[in-house]
2 protein chains.
Amino acid sequence: MEQLKVKIAGEIALSSDAGNTMKKWREVFGISQIDLSEFLKISPSTISDYESNRRKSPGIAVIHRFVDAIFAIDLKKGGELVRRFAESDGSQKYFDAIDFKKSLPAKEFIKMIDGKCVANAEKLDSIDIFGVTILDSMKIILEMPYESFIKVYSTTTQRALIFTQTAAGRSPMVAVRVAPIKPAIVVMHDLDESSVDKLAVKIAESEGIPLIVTLKPIEEIKKALKDALGVSN
Amino acid sequence: MEQLKVKIAGEIALSSDAGNTMKKWREVFGISQIDLSEFLKISPSTISDYESNRRKSPGIAVIHRFVDAIFAIDLKKGGELVRRFAESDGSQKYFDAIDFKKSLPAKEFIKMIDGKCVANAEKLDSIDIFGVTILDSMKIILEMPYESFIKVYSTTTQRALIFTQTAAGRSPMVAVRVAPIKPAIVVMHDLDESSVDKLAVKIAESEGIPLIVTLKPIEEIKKALKDALGVSN
DNA sequence: CAACCCAATCGTCTTTTGCCGTATTTTGCA
DNA sequence: TGCAAAATACGGCAAAAGACGATTGGGTTG
């Protein structure tokens with residue numbers, strides 16, 4: 001946990017867009033500017049000032065308070081995020097790519113994984129994918145240093161990303177938003193339509209990326225895809 | 001490498017003594033205030049002001065420049081440190097403790113490992129040790145978040161620390177200096193008297209810790225200690 | 001021991017931060 | 001569609017940061 005704080009603080013300090021990085025983490029933790037400002041006993045506009053980079057080089061004291069605050073607030077709310085981060089700390093590999101031999105229409109893909117579309121369904125007709133990548137949400141957010149997001153898209157960027165281990169899909173979607181490369185489709189595993197986070201849906205819509213939910217066990221999904229048309233690695 | 005930068009930046013940002021943390025990293029990288037100030041095109045006194053915490057909350061711009069600078073300067077000098085850090089990134093375990101069944105006079109210990117004392121030799125007569133811990137220098141500096149230094153001293157603090165994988169012994173000695181708990185003896189492995197870093201010796205002297213060098217292969221050292229009086233774990 | 005290097009201290013200056021309060025805009029939703 | 005909630009925008013002000021340069025204080029080394 002202390003480790004994670006260091007990582008976040010470092011990311012903010014070295015970011016070329018510190019405000020946006022702070023915002024990203026605030027959103028990953030699901031905290032509004034107002035709640036954060038109340039906790040820190042400063043006005044909400046101050047938070048906004050930081051997130052919009054009005055202060056070009058905030059002091060480390062601010063960063064320190066900020067990081068402590070998002071952790072403390074999460075803890076107050078039950079420690080959901082922090083616990084999830086802690087859990088996904090092991091050393092198992094954290095993504096699994098399956099490349100297809102030929103392209104697959106999005107709608108067929110969704111059928112194969114028993115998925116339901118909750119955003120941008122109208123775009124599905126024009127999307128073909130060439131592979132999927134299955135990721136541990138928390139690991140992505142923890143261990144992806146921006147650039148290396150590229151690795152996720154092995155041969156093509158025309159891929160679906162399947163996020164596992166997510167509570168409501170908010171954090172991984174925020175990560176997708178700030179990442180430089182976008183997937184063709186995002187799938188949230190182990191969620192149904194009613195349990196998807198609203199912010200996640202909103203981000204998907206503004207990014208123009210179809211968002212799918214599925215409850216089908218991950219091993220079955222892997223098996224189905226590999227059997228049908230996969231060349232795994 | 002980018003990862004390491006993030007870690008350092010985060011450590012500085014969250015440190016309760018940011019100046020000291022900056023100083024630690026500057027020294028680990030073996031850079032003088034003057035060289036750093038020249039690189040950054042600011043006066044040396046400014047560096048000193050930061051390290052003495054005259055500025056209580058330096059901006060992230062300063063931190064960013066600082067971290068970039070120590071890496072860039074190291075690279076100019078051949079990239080020694082950065083390469084070492086990169087190498088010791090694997091997931092092998094990074095320390096190995098051997099606890100003795102009974103105490104061992106320092107001088108006998110030194111004889112067993114074919115060591116030579118290069119600092120505070122006069123204190124050796126009054127030191128008995130109860131175990132040794134063998135550590136990968138770079139890993140220590142990377143992965144030790146201050147407090148957890150405690151783990152290194154399994155049962156007793158009356159231990160010798162043997163640092164492996166060090167170029168001249170500077171970095172691990174700096175780490176010892178800033179750590180809250182001190183070992184009874186420090187051994188630099190794979191170094192002889194002439195190749196020890198001067199700053200390392202100076203730190204040892206000011207800390208009052210005897211500093212030993214040895215060229216004996218690490219496996220032989222382990223074997224000798226375990227055979228004679230060890231209860232490994 | 002003078003000459004030098006490295007680091008620490010401090011007065012002083014200008015530029016920014018850090019914060020507020022008060023609009024104003026955007027967004028979600030009944 | 002219209003209103004509350006959330007996020008932005010911005011002028012202003014006190015307090016700090018960020019920087020310099022002159023000075024002082026240890027060490028080492030010719």
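Values below: every heavy atom of this structure, side chains too, minus hydrogens, waters and symmetry copies. Note that this is a predicted model, so its numbers are computed, not measured. Every chain is numbered from 1, with letters handed out A, B, ... down the list of sequences.
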Side-chain donor-acceptor pairs of residues 167-176 of chain B under 3.5 Å, sequence neighbours excluded:
residue, atom, partner, partner atom, Å
Arg170(B), NH2, Asp197(B), OD1, 3.2
Ser171(B), OG, Val28(B), O, 3.1

Practice task
Hey, could you give me the CG/CG distance between Asp17(A) and Asn53(A), rounded to the nearest 0.5 Å?
Solution key: 4.5 Å
Practice task
Give every residue pair that meets the salt bridge (Lys or Arg N to Asp or Glu O under 4.0 Å) criterion with at least one member in residues 46-57 of chain A, sequence neighbours excluded.
Solution key: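 Listed by first then second residue: Arg26(A)-Glu51(A), Asp49(A)-Arg54(A).
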Rounded to whole angstroms, how far apart are [atom1] on [X] and [atom2] on [N]?
{"X": "Phe66(A)", "N": "dG18(C)", "atom1": "CZ", "atom2": "P", "value": "14 Å"}
{"X": "Asn53(B)", "N": "dC10(C)", "atom1": "CG", "atom2": "C1'", "value": "16 Å"}
{"X": "Gln33(A)", "N": "dT24(C)", "atom1": "CD", "atom2": "C1'", "value": "14 Å"}
{"X": "Ile34(A)", "N": "dC20(C)", "atom1": "CD1", "atom2": "P", "value": "14 Å"}
{"X": "Glu27(A)", "N": "dT27(C)", "atom1": "CD", "atom2": "P", "value": "12 Å"}
{"X": "Glu51(A)", "N": "dC10(D)", "atom1": "CD", "atom2": "C1'", "value": "17 Å"}
{"X": "Leu199(A)", "N": "dT27(C)", "atom1": "CG", "atom2": "P", "value": "12 Å"}
{"X": "Ile47(A)", "N": "dC20(C)", "atom1": "CD1", "atom2": "C1'", "value": "13 Å"}

Handout entry: Cationic N near anionic O, under 4.0 Å, Lys107(A) to Asp125(A)
Key =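 Salt bridge flag = yes for Asp125(A) with Lys107(A).
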Using nucleotides 27-30 of chain D, report all nitrogen or oxygen pairs with the protein that are shorter than 3.5 Å.
none

Handout entry: Which residues share a ring pair (Phe, Tyr, Trp, His ring centres under 6.0 Å) with Phe71(A), sequence neighbours left out
Key = Phe29(A)
Practice task
Could you list the residues that satisfy salt bridge (charged side-chain N to carboxylate O under 4.0 Å, His left out) with Asp68(B), not counting sequence neighbours?
Solution key: Lys5(B)
Problem - Heavy-atom check, side chain of Val201(B) versus side chain of Glu205(B), under 4.5 Å - result: yes
Exercise for the section: If a protein heavy atom is under 4.0 Å from the base, mark B; if only from the sugar-phosphate, S; if neither, -; do that for nucleotides 15-25 of chain D going 5' to 3'. Expected result: --BBBBBB---
Exercise for the section: Apply side chain to side chain contact (heavy atoms under 4.5 Å, CB included) to the pair Thr214(B) and His189(B), showing each step before the final yes or no. Expected result: CA-CA 5 Å; Thr214(B) 177; His189(B) 178 255; 4.2 Å; yes
Practice task
Would you classify Ser48(A) as touching base, sugar-phosphate or nothing, given that sugar-phosphate means primed atoms plus P, OP1 and OP2, and contacts are heavy atoms under 4.0 Å?
Solution key: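 Base, at least one base heavy atom under 4.0 Å.
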Problem - Ile162(A): which of Ile212(A), Ile218(A), Leu135(A) passes side chain to side chain contact (heavy atoms under 4.5 Å, CB included) - result: Ile218(A)
